[in-house]
Undergrad: 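I'd like to ask you about the structure that follows.
For clarity, every value in this text was computed on a predicted model and none was experimentally measured.
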Number of protein chains: 2
Amino acid sequence: DIKAIDQQWKVLDSEYQTLEEGHKNYNNSIVEFTKLQNKCLKDITHQNYRISQLKQLIQKCVTNGEEEERLKEDLLKQMGSRRAHVREIGESLPKPNGLYLNIVLGSINATLLDNEQRFRYKEQYEMFKLVVTSVILVVSLLDLIFQSRVCDAVLHFLLVWYHCTLTIRESILVVNGSRIKGWWRTLHFLTTVLAGVMVVWPDGSSYTKFRIQFLSYICYSSFLQFLQYYYQYGCLYRLRALGERYDMDITIQGFHSWMWRGLGFLLPFLYFGYVFQFYNAYTLYNMYTQDVSCVEWQVPAVAALYFAIFLGNTLTTSLVIQQKLTG
Amino acid sequence: DIKAIDQQWKVLDSEYQTLEEGHKNYNNSIVEFTKLQNKCLKDITHQNYRISQLKQLIQKCVTNGEEEERLKEDLLKQMGSRRAHVREIGESLPKPNGLYLNIVLGSINATLLDNEQRFRYKEQYEMFKLVVTSVILVVSLLDLIFQSRVCDAVLHFLLVWYHCTLTIRESILVVNGSRIKGWWRTLHFLTTVLAGVMVVWPDGSSYTKFRIQFLSYICYSSFLQFLQYYYQYGCLYRLRALGERYDMDITIQGFHSWMWRGLGFLLPFLYFGYVFQFYNAYTLYNMYTQDVSCVEWQVPAVAALYFAIFLGNTLTTSLVIQQKLTG
Ligand SMILES: CC(C)(COP(=O)(O)OP(=O)(O)OC[C@H]1O[C@@H](n2cnc3c(N)ncnc32)[C@H](O)[C@@H]1OP(=O)(O)O)[C@@H](O)C(=O)NCCC(=O)NCCS
Ligand SMILES: CC(C)(COP(=O)(O)OP(=O)(O)OC[C@H]1O[C@@H](n2cnc3c(N)ncnc32)[C@H](O)[C@@H]1OP(=O)(O)O)[C@@H](O)C(=O)NCCC(=O)NCCS
């Protein structure tokens with residue numbers, strides 16, 4: 001009956017008043033929030049600037065007497081730890097996007113403000129890699145079976161898209177404080193170019209000769225991606241637990257022993273992958289120098305790309321291991 | 001002298017205390033802000049849900065007497081305007097990213113919270129289109145002069161990348177409340193596929209026959225993009241002024257007359273572009289049916305794509321004009 005509905009409407013009306021008020025508060029809190037954020041950012045810049053200034057002054061300063069010497073050392077130590085604190089505070093503030101993200105996304109704020117969100121974002125990133133790699137594996141297996149050039153093209157475009165997307169996501173991770181090495185991001189650019197060159201490689205004897213080896217390599221590197229997922233997901237999961245619990249010493253030790261077991265398992269497969277990359281470069285180089293029917297420019301180009309990838313991967317992984325051993 | 005430096009350090013120390021406090025306030029304001037945001041979102045969902053419920057009840061409700069009839073109409077009108085208000089409140093709240101952005105970016109919050117930021121984002125988007133289109137124009141002119149297949153490949157990849165990036169940016173615009181028609185976003189997907197097919201089109205008689213026409217088309221559509229930039233930037237600029245000033249009636253009229261002059265200038269060039277697209281489809285269709293040397297599957301594929309693009313563009317633009325004339 002219409003009167004009863006009118007009553008209900010009145011109730012809803014008062015609820016709407018609450019919403020309007022809540023919205024006003026919300027708008028005020030945006031303003032407040034932005035103000036505080038800008039103030040923090042300014043203060044951080046100021047601190048960093050003054051610390052480096054004072055540090056320079058101290059280093060130039062001549063001390064006489066033991067007391068002054070002690071004061072000097074003390075000050076330098078304090079400045080070091082202050083730097084670290086300021087950096088920590090900076091972690092919860094938005095960071096500039098960097099050139100690549102600015103070009104692709106424009107000035108969208110890509111900073112996640114709390115640790116829980118960051119963990120979840122990293123988790124999604126690992127999941128995304130797992131899912132797309134599975135698709136790539138299936139397509140390349142189908143392609144090995146059915147040998148169709150259209151299927152080849154689909155695979156190549158999929159690879160281009162996958163690595164392009166990863167560069168975007170990894171740039172976002174870096175904005176959010178990930179210490180991912182520059183090489184792994186460069187690698188995606190190289191792999192994108194590689195897939196692009198594969199796309200324009202005309203059908204011919206050189207393409208046919210390299211085709212099976214290329215597909216096998218893609219299958220192997222998808223398999224490698226699964227192993228990496230297992231390792232990275234394990235690290236992430238344990239790091240998150242570490243951040244939440246409080247018996248730090250035990251868990252950090254536990255984390256390290258887990259990490260080394262994971263690495264011990266992963267590394268042989270990784271290095272085999274790098275040997276495979278070198279072998280690809282070698283095969284193509286041989287085709288280029290010895291086989292007169294291989295006239296396409298794609299042959300030396302892909303060879304050079306594989307060699308660069310092999311070199312960068314081997315050096316970076318070895319360096320990471322060395323750092324982990326000594327650090 | 002070290003004592004003086006120590007003094008300065010003490011000053012900086014007290015400034016650091018301020019920063020720490022400011023950071024604590026900032027963290028609190030994030031919590032507060034998130035809480036208010038969630039409350040608004042929940043209240044909005046509740047309002048929308050209740051309004052549709054009551055609306056259904058009213059429509060089923062039988063009235064007797066003029067008074068009740070009037071009450072009913074009044075309530076329906078109130079509900080309509082309430083809906084609009086609730087939608088307006090929702091504009092300043094983050095919206096879900098949609099499937100495409102979730103795949104490419106993951107769950108990064110792509111909502112810009114105030115209108116000024118949104119205008120700036122749109123401005124950057126128009127600027128981005130202008131700059132990349134200029135590059136495309138230069139590359140395609142160089143390609144017309146030097147006739148190199150490598151230059152072709154660079155152009156095709158540039159087109160793939162450009163339209164891919166636009167789909168991302170336009171998805172972000174839509175999240176931020178732009179009413180851009182679905183077709184213009186679909187168009188970028190189609191154009192990306194088209195450029196992809198061009199990339200894998202093997203060198204041969206059919207490719208050579210279509211090449212000059214394709215390059216001329218790219219030049220013309222870059223030119224068209226410049227005109228569109230002029231129009232869209234003008235609209236944007238005037239809409240922003242409209243939002244800031246208060247003599248609404250005059251400026252809205254001024255906006256409309258400017259818009260129609262802009263459209264009057266732009267439309268003939270647009271429709272000529274659509275005719276060009278149809279002509280591309282027609283040329284390729286002819287090649288496919290009449291020329292026995294054109295055996296590549298790319299010929300009918302590109303023809304079909306151009307025809308789809310021609311059709312969609314013509315229909316959408318005509319519809320938009322018709323809506324503007326009647327609305
Ligand atoms: C060697 C390896 C196992 C070391 O992993 P790790 O223990 O996580 O190394 P680091 O301590 O240097 O990691 C620093 C950060 O970079 C990330 N990271 C390391 N390697 C990465 C990779 N290949 N891709 C993406 N992110 C990576 C880590 O997750 C970590 O992130 P965080 O700062 O957000 O916690 C790892 O780098 C790896 O798997 N590399 C092989 C990659 C490869 O060869 N790919 C080509 C296959 S053919
Ligand atoms: C016909 C046309 C001039 C109308 O422009 P308009 O007056 O802005 O149209 P609308 O009122 O429908 O615009 C609604 C929104 O969509 C945006 N928009 C319209 N056409 C767009 C397009 N082609 N690309 C991107 N955004 C577009 C507008 O900027 C506006 O954004 P806002 O909500 O953030 O303010 C415009 O759609 C156009 O230029 N179309 C031609 C595109 C074309 O043919 N491209 C292929 C070239 S070969």
Undergrad: How far does CG of Leu75(A) sit from CD of Glu68(A), to the nearest 0.5 angstrom?
TA: 11.0 Å
Undergrad: So, do Tyr162(B) and Lys129(B) sit near enough that their side-chain heavy atoms are less than 4.5 Å apart?
TA: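 Sidechains of Lys129(B) and Tyr162(B): in contact.
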Undergrad: Would you compute the distance between atom CD of Gln17(B) and atom CD of Glu21(B) and round it to the nearest 0.5 angstrom?
TA: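 Reported value, rounded in 0.5 Å steps: 8.5 Å.
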Undergrad: So Phe33(A) and Tyr26(B), would you call those rings parallel, tilted or perpendicular, with 30° and 60° as cut-offs?
TA: parallel
Undergrad: Who wins among Glu15(B), Glu20(B), Lys42(B), Arg120(B) for the most heavy-atom pairs under 4.5 Å with chain A?
TA: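 Highest number of heavy-atom pairs under 4.5 Å: Glu15(B).
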Undergrad: Can you check side chain to side chain contact (heavy atoms under 4.5 Å, CB included) on Arg211(B) and Asp143(B), steps first, answer last?
TA: CA-CA 10 Å; Arg211(B) 196 171 163 282; Asp143(B) 200 15; 3.1 Å; yes
Undergrad: Where on Asn38(A) is there a heavy atom nearer than 4.5 Å to chain B: the side chain, the backbone, both, or neither?
TA: neither
Undergrad: Considering only heavy atoms and a distance below 4.5 Å, find which of Val131(A), Leu71(A), Leu166(A) pairs most often with chain B.
TA: Leu71(A)
Undergrad: Heavy-atom pairs under 4.5 Å with chain A - which of Asp203(B), Ile168(B), Ile89(B) has more of them than the others?
TA: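 Looking at each of Asp203(B), Ile168(B), Ile89(B) in turn, Ile89(B) comes out on top.
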Undergrad: Looking at Ala153(B), Gly196(B), Gly22(B), Ala4(B), which has the largest count of heavy-atom pairs under 4.5 Å with chain A?
TA: Gly196(B)
Undergrad: Trp297(A) vs Val200(A), test: side chain to side chain contact (heavy atoms under 4.5 Å, CB included). Steps then yes/no.
TA: CA-CA 10 Å; Trp297(A) 61 266; Val200(A) 295; 4.2 Å; yes
Undergrad: Going by the side chain to side chain contact (heavy atoms under 4.5 Å, CB included) test, name the single residue among Gln53(B), Arg83(B), Arg82(B) that passes it with Asn48(B).
TA: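 That would be Arg83(B).
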Undergrad: Given a strict heavy-atom distance threshold of 4.5 Å, which part of Gln78(B) is in contact with chain A: side chain, backbone, both, or neither?
TA: both
Undergrad: Pick one of side chain, backbone, both or neither for Leu93(B), based on which atoms fall under 4.5 Å of a heavy atom in chain A.
TA: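 For Leu93(B), backbone and side chain are both near chain A.
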Undergrad: For chain B, find which of Ile103(A), Ile44(A), Asn109(A) contributes the most heavy-atom pairs closer than 4.5 angstrom.
TA: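 That would be Ile103(A).
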Undergrad: Side chain from CB out, backbone as N, CA, C, O: work out which of these in Phe128(A) comes under 4.5 Å of a heavy atom of chain B, or both, or neither.
TA: side chain
Undergrad: Are Arg70(B) and Glu66(B) ion-paired here, with the side-chain N under 4.0 Å from a carboxylate O?
TA: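 Judged by the 4.0 Å cut-off on N to carboxylate O distance, Arg70(B) and Glu66(B) do form a salt bridge.
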Undergrad: Flag the pair Asp152(A) / Tyr207(A) as yes when at least one side-chain heavy-atom distance between them is below 4.5 Å, and no otherwise.
TA: yes
Undergrad: Report which part of Asp74(B) has an atom under 4.5 Å of a heavy atom belonging to chain A: side chain, backbone, both, or neither.
TA: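 The answer is neither part of Asp74(B).
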Undergrad: When rounded to the nearest 0.5 angstrom, what is the spacing between CZ in Arg118(B) and OG1 in Thr111(B)?
TA: 7.5 Å
Undergrad: Side chain, backbone, both or neither: which part of Cys61(A) has an atom under 4.5 Å from a heavy atom of chain B?
TA: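 Only the side chain of Cys61(A) comes within 4.5 Å of chain B.
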Undergrad: Let me confirm one number: the CG-CD1 distance from Leu105(A) to Ile172(A), rounded to the nearest 0.5 Å.
TA: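 Here the interatomic distance stands at 6.0 Å.
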Undergrad: Looking only at the side chains, is there a donor atom on one of Arg169(B) and Gln124(B) sitting less than 3.5 Å from an acceptor on the other?
TA: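 Not at all, the side chains of Arg169(B) and Gln124(B) share no donor-acceptor pair under 3.5 Å.
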Undergrad: Name the region of Met79(B), side chain, backbone, both or neither, that has any atom closer than 4.5 Å to a heavy atom of chain A.
TA: both
Undergrad: For the candidates Phe157(B), Tyr125(B), Tyr16(B), which exhibits the highest count of non-hydrogen atom pairs separated by less than 4.5 Å from chain A?
TA: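 Ranked by heavy-atom pairs under 4.5 Å with chain A, first place is Tyr16(B).
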Undergrad: What part of Ile2(B) gets within 4.5 angstrom of chain A, counting heavy atoms only: side chain, backbone, both, or neither?
TA: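 The answer is both parts of Ile2(B).
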Undergrad: Measuring heavy-atom distances to chain A, does Leu12(B) have an atom under 4.5 Å in its side chain, in its backbone, in both, or in neither?
TA: both
Undergrad: Give the member of Leu19(B), Ile30(B), Thr18(B), Thr165(B) that has the highest number of heavy-atom pairs under 4.5 Å with chain A.
TA: Leu19(B)
Undergrad: Quick check for you: among Lys39(B), Glu32(B), His46(B), which has the greatest number of heavy-atom pairs under 4.5 Å with chain A?
TA: His46(B)
Undergrad: Given a strict heavy-atom distance threshold of 4.5 Å, which part of Asn28(A) is in contact with chain B: side chain, backbone, both, or neither?
TA: neither
Undergrad: Tell me, for Trp201(B) versus chain A, whether the close heavy atoms (under 4.5 Å) come from the side chain, the backbone, both or neither.
TA: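 Contact with chain A is absent: no heavy atom of Trp201(B) under 4.5 Å.
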